[in-house]
Amino acid sequence: MRLLALNCGSSSVKFAVVNTASSERIVSGSYATDAGGTGAAIDAVVDQIAGDSGLVAGLRGVGHRVVHGGETFRESVRIDASVQAGIDSVSALAPLHNPVNLLGIRKLESAFPHLPQVAVFDTAFHQSLPPRAYLYALPQALYREHGVRRYGFHGTSHRYVAQEATRLFDLPAERARIVTAHLGNGCSTAAVLGGRSVETSMGFSPLEGLVMGTRSGDVDPGLHVFLAERLGLDLAGVTELLNRQSGLLGISGLSSDMRELETAEASGNHAAGLALEIFCYRLARQVASQLVPLGGLDALIFTGGIGENSARIRRQVLEFLRPLGFEIDPAANAAHGRETGGLVSHPAPPFAGVVATDEEFLIAADTARVLGA
Ligand code: ADP
């Protein structure tokens with residue numbers, strides 16, 4: 001089935017036309033939103049697709065990445081008016097993302113009214129978390145009245161990567177205990193038990209958890225008032241600092257980009273090396289803590305731009321995790337598992353591996369599944 005996947009983010013609108021049967025990417029691209037805003041970037045995608053009548057004739061549907069499904073959406077759904085209203089109603093939880101995702105839905109609907117559309121939510125896979133994992137230790141009224149709880153993100157990627165790992169390492173599907181580490185500009189882990197997410201490192205927003213490109217991950221909540229007073233910032237200013245000036249960029253003072261930091265470290269830049277060490281330490285600590293929800297660990301899977309390509313990060317994380325039984329295979333790790341079916345550790349549990357994720361492809365595959373059902 002030939003489908004268009006649309007991923008409207010804050011900095012770019014990415015798209016791909018995918019043949020889900022052959023896994024072929026027919027066209028793909030990305031338009032930055034800095035020139036004319038997100039609306040203009042979406043229009044550019046529409047113009048590019050509509051300009052190729054042969055392409056349009058072959059399309060069977062459109063899949064949209066939607067960041068937040070709240071507790072309303074537990075899986076991908078075909079979009080109708082009530083689904084649009086549902087996405088709108090959780091917009092307060094993701095004010096920078098859901099309105100943009102809705103804009104994409106409306107623009108594609110009016111450009112291609114004959115095509116069915118499907119929403120694929122970042123949060124849906126984590127709706128299986130139990131209350132002990134998703135509730136904060138806050139007054140419960142905040143959960144009931146304002147939706148304050150942990151939601152988790154990157155769900156489509158975690159779900160796919162855990163499924164692939166089960167197959168690659170021949171694990172028992174209904175019992176496999178897997179931690180997936182999605183490491184891109186944003187980073188999160190998921191603990192996946194028998195194919196269901198039982199814990200994840202991101203929470204109410206994508207700021208919680210691991211050290212990321214420009215996001216701090218976990219900090220003491222007491223910092224907010226301290227920073228506000230010391231720096232004369234309002235709360236929005238503090239949140240901006242934690243989201244955009246922290247993480248790898250903040251520690252290194254140099255860059256949020258892993259490739260640049262690895263190069264800087266190799267040429268002796270101490271701050272870059274420290275940023276990478278903290279990144280690995282915090283990730284390893286997070287992975288180790290997943291023994292609590294999983295009761296044991298069969299496999300740790302790395303994915304995303306960093307997880308798939310940085311042998312240096314995987315090496316240090318696995319060194320920190322030696323007490324859990326991980327034994328890295330240095331040659332396989334240096335080759336990113338490409339000659340070993342993804343495996344970068346010794347071929348005995350707990351396995352460590354690399355699985356490539358592809359969000360636009362996964363959106364298209366989920367769309368095909370929903371439309372076929
Ligand atoms: P996004 O979250 O925006 O989709 P990606 O998954 O593409 O981002 O990940 C981007 C990160 O991956 C950047 O930090 C980039 O430096 C890193 N990365 C990409 N290729 C490599 C590589 N060969 N070695 C190390 N890091 C890499």
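Numbering starts at 1 and runs along the sequence shown. What you are looking at is a predicted structure, and each value in this text was computed from that prediction instead of being measured. Just follow the structure's listing: the first ligand is 1, and inside any ligand the first atom is 1.
- Taking atom 23 (N) of ligand 1 as the reference point, the nearest protein heavy-atom neighbour is N309 CB, 3.4 Å.
- Ligand 1 has a nitrogen or oxygen under 3.5 angstrom from a nitrogen or oxygen of G305.
- By the 4.0 Å N-to-carboxylate-O rule, R2 lies too far from E24 to be salt-bridged with it.
- Within a 6.0 Å radius of CZ in R312, other residues, nucleotides and ligands contribute more than 12 heavy atoms.
- Some N or O of M258 is nearer than 3.5 Å to an N or O of ligand 1, by distance alone.
- No N or O atom of H182 sits closer than 3.5 Å to an N or O atom of ligand 1.
- Among all non-hydrogen protein atoms, the one lying nearest atom 4 (O) of ligand 1 is K14 NZ, 3.8 Å.
- A side-chain contact (heavy atoms from CB on, under 4.5 Å) with K14 holds for exactly one of C8, S30, S28; it is S30.
- Of the protein's heavy atoms, I306 CG1, 3.7 Å lies nearest to atom 17 (C) of ligand 1.
- Remark: the Y136 side chain and the E208 side chain contain an N/O donor-acceptor pair separated by less than 3.5 Å.
- The existence of a salt bridge linking R159 and D366 is confirmed by a sub-4.0 Å separation between a basic side-chain nitrogen and an acidic carboxylate oxygen.
- When the heavy atoms of L183, D257, N7, N185 are ranked by distance to atom 10 (C) of ligand 1, first place goes to N185.
- Nearest-heavy-atom check against atom 27 (C) of ligand 1 across E308, R259, R312 picks out R259.
- No N or O atom of G304 sits closer than 3.5 Å to an N or O atom of ligand 1.
- Checked for salt-bridge contact, E164 and R167 meet the test: a charged N lies under 4.0 Å from a carboxylate O.
- In this structure, F153 has its ring center closer than 6.0 angstrom to the ring center of H68.
- Each of the atoms 2 (O), 5 (P), 6 (O), 8 (O), 9 (O) of ligand 1 lies under 4.0 Å from some heavy atom of G184.
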